[in-house]
Amino acid sequence: MSMKFDIQPASNPTSEKDRIAKLVDPGFGRVFTDHMAIVRYNQAKSGWYEARIEARANFQLDPAGAVLHYAQEIFEGLKAYKRDDGGVNLFRPDANARRFKDSADRMAMAQLPEDVFIEAVEQVVRIDRAWMPGGEGSLYLRPFMIASETFLGVKPSSEYIFAVIASPVGSYFKGGPAPVSIWVSENYTRAAIGGTGAVKCGGNYAASLRAQAEAIQHGCDQVVFLDAVERRYIEELGGMNIFFVFDDGSLSTPPLGTILPGITRDSIITLARDAGKTVREEPYSLEQWRKDAASGKLKEAFACGTAAVISPIGKVRSVSGDFEISGGAAGPVAMGLRKQLVDIQYGRTNDPHNWIRKVF
Ligand SMILES: *Cc1c(COP(=O)(O)O)cnc(C)c1O
């Protein structure tokens with residue numbers, strides 16, 4: 001299915017002077033562009049209708065709107081990257097579109113056709129092209145969908161709003177990625193078998209915030225969760241997947257199931273295997289992690305996701321004690337994979353898996 005977007009440019013967009021000022025140091029997720037994409041869904045109107053690109057504005061939502069009560073909400077996160085020739089790349093937007101459909105399915109929401117998802121993202125990039133930061137910055141795109149039916153009964157909503165907003169972001173790490181410290185959450189879990197851990201719903205984040213606050217209280221940057229059954233195996237961070245690098249050159253990462261199937265995770269597995277490395281998708285326990293860090297068998301650990309690409313993990317803290325990884329410094333495997341991925345995203349190297357989709 002394809003939909004024609006009705007394009008209505010903002011009548012009062014940000015002035016060039018203000019835009020340039022906002023792009024100097026945008027940080028993450030605080031500066032927004034002038035437009036958004038909207039597509040509405042109504043079961044009674046036989047599905048998706050009214051696809052629009054319009055000025056970014058508040059939503060009209062009844063106080064009894066379903067999302068406000070029962071959290072029927074999903075989202076995605078991807079970036080547009082400016083190439084040296086002035087063009088703009090998206091990285092694997094088809095994978096985001098597919099995952100968004102899977103998330104909708106799990107949350108009993110209407111499934112947006114993948115080509116409409118991609119078209120909405122591309123239209124926002126096109127109309128707000130002037131907001132693309134240069135250098136190592138990018139335009140972060142946030143597609144999301146909310147249940148908008150006015151009804152307090154507990155059931156899947158019959159109405160939805162899909163939207164895409166855009167936020168220029170600076171380089172996540174100025175002067176190269178600094179290793180992060182992580183706190184192992186032994187009180188809270190993130191996801192159980194049969195739950196929603198594998199889909200990108202806002203509720204997962206709501207449930208992770210208390211654990212993240214605990215991490216901050218313990219002087220750590222991020223939280224890492226253990227499996228909900230045995231409370232032994234490493235799952236992932238609040239919003240990033242995790243990899244381990246061993247002294248024989250192999251890598252391991254927790255298997256899919258309850259974790260979020262990250263597109264960065266999948267890309268790293270592919271790039272590492274392309275380079276002839278062994279990558280295992282298998283459970284890895286906190287005890288083993290501690291032992292391997294102490295014996296030197298474990299050389300590096302890193303977290304990965306669209307926002308930060310790859311963050312080396314320098315230090316792990318838990319109620320059962322702390323340990324360091326690669327002397328608390330960024331390791332060469334993490335940094336090599338990071339450069340390879342970023343070079344593909346910005347179009348500085350060839351793209352053997354056809355991951356790039358050029359918007360311009
Ligand atoms: C989005 C997300 C990730 C990373 O996914 P990417 O597709 O690589 O950005 C990892 N874990 C969680 C919980 C997430 O929500």
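Numbering of residues begins at 1 and proceeds along the displayed sequence. Both counts, for ligands and for their atoms, begin at 1 and track the order of listing.
- Near ligand 1, R99, R190, K200, Y205, E236, G238, G239, M240, N241, L260, G262, I263, T264, G305, T306 each place a heavy atom less than 4.0 angstrom from the ligand.
- Between R126 and the choices V359, I53, V88, the side-chain contact (heavy atoms from CB on, under 4.5 Å) rule is met once, by V359.
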Under 3.5 Å, which donor-acceptor pairs do the side chains of residues 140-153 form with other protein atoms, sequence neighbours left out?
{"from": "Y140", "atom 1": "OH", "to": "R142", "atom 2": "NH2", "distance (Å)": "2.9"}
{"from": "R142", "atom 1": "NE", "to": "E76", "atom 2": "O", "distance (Å)": "2.9"}
{"from": "S148", "atom 1": "OG", "to": "E159", "atom 2": "O", "distance (Å)": "3.3"}
{"from": "S148", "atom 1": "OG", "to": "Y160", "atom 2": "N", "distance (Å)": "3.4"}
{"from": "E149", "atom 1": "OE1", "to": "K155", "atom 2": "NZ", "distance (Å)": "2.7"}
{"from": "E149", "atom 1": "OE1", "to": "S158", "atom 2": "N", "distance (Å)": "2.7"}
{"from": "E149", "atom 1": "OE1", "to": "S158", "atom 2": "OG", "distance (Å)": "2.9"}

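- Salt-bridge formation is detected for the pair K101/E114: a Lys NZ or Arg NE/NH1/NH2 atom is positioned less than 4.0 Å from an Asp or Glu carboxylate oxygen.
- Cation-pi geometry between R210 and Y188 is not met at under 6.0 angstrom from the ring centre and within 45 degrees of the axis.
- Within the structure, every pair that satisfies the salt bridge (charged side-chain N to carboxylate O under 4.0 Å, His left out) test and touches residues 250-269, not counting sequence neighbours, is listed here: R92-D266, R265-E281.
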Using atom types as modelled, flag every donor-acceptor pair under 3.5 Å from a side chain in residues 38-46 to any protein atom, sequence neighbours excluded.
{"from": "R40", "atom 1": "NE", "to": "E50", "atom 2": "OE1", "distance (Å)": "3.3"}
{"from": "N42", "atom 1": "OD1", "to": "A44", "atom 2": "N", "distance (Å)": "2.8"}

